[in-house]
2 protein chains.
Amino acid sequence: MSDQSITIGALARAAGTTPATIRWYEGIGMLPAPARSAGNYRLYGPEHVARLGLIRRCRDLGFSLDAVRTLLNRTENEEGDCADITAIARDRLAELDRKIADLTALRRELSRMIDSCAGGTIAACRIVEALSPVSRS
Amino acid sequence: MSDQSITIGALARAAGTTPATIRWYEGIGMLPAPARSAGNYRLYGPEHVARLGLIRRCRDLGFSLDAVRTLLNRTENEEGDCADITAIARDRLAELDRKIADLTALRRELSRMIDSCAGGTIAACRIVEALSPVSRS
DNA sequence: TATGCACCTTACAGCAACTATAGGGTCAAG
DNA sequence: CTTGACCCTATAGTTGCTGTAAGGTGCATA
């Protein structure tokens, strides 16, 4: 093992993920296949650490792997316009806003249902009643 | 087809879902297998409409199918205590709160990244920079 | 030298909760 | 009697991994 290369476990620790995930990224082409040691171990260099780090940061921000793929393609061309990247980020922001609004509405509804229940038997439970479709139409 | 039964398509429309989903629910035991017509069509009665309606309402509120299964079991016993149901609902509420908080934090971070970018080339893009792991350690 | 242990290898199955596709059969209307 | 909307089964694909089985490697310790 050369002094610059690390095993899959070390790379996983460095990026806050697992060897299984890294192998899976390699299989779907998100990470290039690295060199191998005499004993067939994968050997990663700093460029892998950087690329995997970027992938994981994007995933933690909720980007789909497809979006990350596009982002990685764009960043390959340093002279390119960053408008595409901004657009992807803005799409994700809009998606987040939609999701937050949806969940907040659900939260309100569920909270109302819980508050309306005073305990007792299932037959009397206002949550069950609220969930039953007949009570809606 | 008796006057009280409807086909899978009608049931799907009534519950705001699709025939494929209903068949899938039947396969995993969420919905009982209904009677069949002479031509082997599934024939559903009002009890199926009620049960599927409840399932879909719960799913729309973000309950897992597993939680819905438990809910359905509990509601079978009308004299039982509704505490279990309240507990499931409260769990879901807590989960929603966590999720909303997470997404709100992500939204803030992403929004900051977008604001920091003034356009130009990829090399200068602050979003790319913010996503790169080197800028974090 | 042996042996244990942590780590690595591949291949494949499974998770949630559906959705889509292929290749057919049924039913009512025109 | 054909058209078109509907239904049937079986199987594969989706996203992003995670878990399992069955084995090989590398290093420290007895």
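In what follows, chains carry the letters A, B, and so on, assigned in the order in which the sequence lines appear, proteins first and then strands, with residues in each chain numbered from 1.
When rounded to the nearest whole Å, the span between CD1 of B:Ile6 and C1' of D:dC6 equals 14 Å. We find that CZ of B:Arg69 is positioned 11 Å from C1' of C:dA17, with the value rounded to whole Å. In this structure, A:Arg23 atom CZ and D:dT20 atom C1' are separated by 13 Å, rounded to whole Å. Straight-line distance from the OH atom of B:Tyr25 to the C1' atom of C:dA17: 8 Å, rounded to whole Å. Atom-to-atom, CD1 of A:Ile8 to P of D:dG26 comes out at 15 Å; the value is rounded to the nearest Å. Rounded to whole Å, atom P of D:dA12 lies 18 Å from atom CH2 of B:Trp24. Rounded to whole Å, atom P of C:dT10 lies 13 Å from atom CD1 of A:Ile22. Atom pair A:Asp60:CG and D:dC17:P shows a separation of 9 Å (rounding to whole Å applied).
Contacts classified as ring pair (Phe, Tyr, Trp, His ring centres under 6.0 Å) and involving residues 47-69 of chain A (residues at least two apart or in different chains) are given here: A:Tyr44-A:His48. Residue pairs meeting the ring pair (Phe, Tyr, Trp, His ring centres under 6.0 Å) criterion with at least one member in residues 71-90 of chain A, sequence neighbours excluded, do not occur.
Between A:Asp60 and A:Arg56, at least one side-chain N (NZ, or NE/NH1/NH2) sits under 4.0 Å from a carboxylate O, which counts as a salt bridge. Salt-bridge check for B:Glu26 with B:Arg23: failed, with every basic side-chain N at 4.0 Å or more from each acidic carboxylate O. Residues B:Glu95 and B:Arg92 are paired through a salt bridge, judged by an N-O separation under 4.0 Å between the basic side chain and the carboxylate.
For A:Arg56, no side-chain nitrogen or oxygen approaches OP1 or OP2 of D:dG16 to under 4.0 Å. Between A:Arg36 and C:dT10, a side-chain N or O to OP1/OP2 separation shorter than 4.0 Å is present. The side chain of A:Arg59 places an N or O atom within less than 4.0 Å of a non-bridging phosphate oxygen (OP1 or OP2) of D:dC17. One finds a side-chain N or O of A:Arg42 lying less than 4.0 angstrom from the OP1 or OP2 phosphate oxygen of C:dT10. Within the structure, every side-chain polar atom (N or O) of B:Thr21 is placed at least 4.0 Å from both OP1 and OP2 of C:dC18.
Of the two residues near DNA chain D, A:Ala38 and A:Ala20, the one whose nearest nucleotide lies more 5' is A:Ala20. Both B:Asn40 and B:Phe63 sit near DNA chain C, but only B:Phe63 has its closest nucleotide nearer the 5' end.
Between C:dA17, D:dC17, D:dT18, one nucleotide has an atom nearer to the side chain of B:Leu65 than all others, and that is C:dA17.
A donor N or O paired with an acceptor N or O is found under 3.5 Å between the base of D:dG24 and the side-chain atoms of A:Tyr41.
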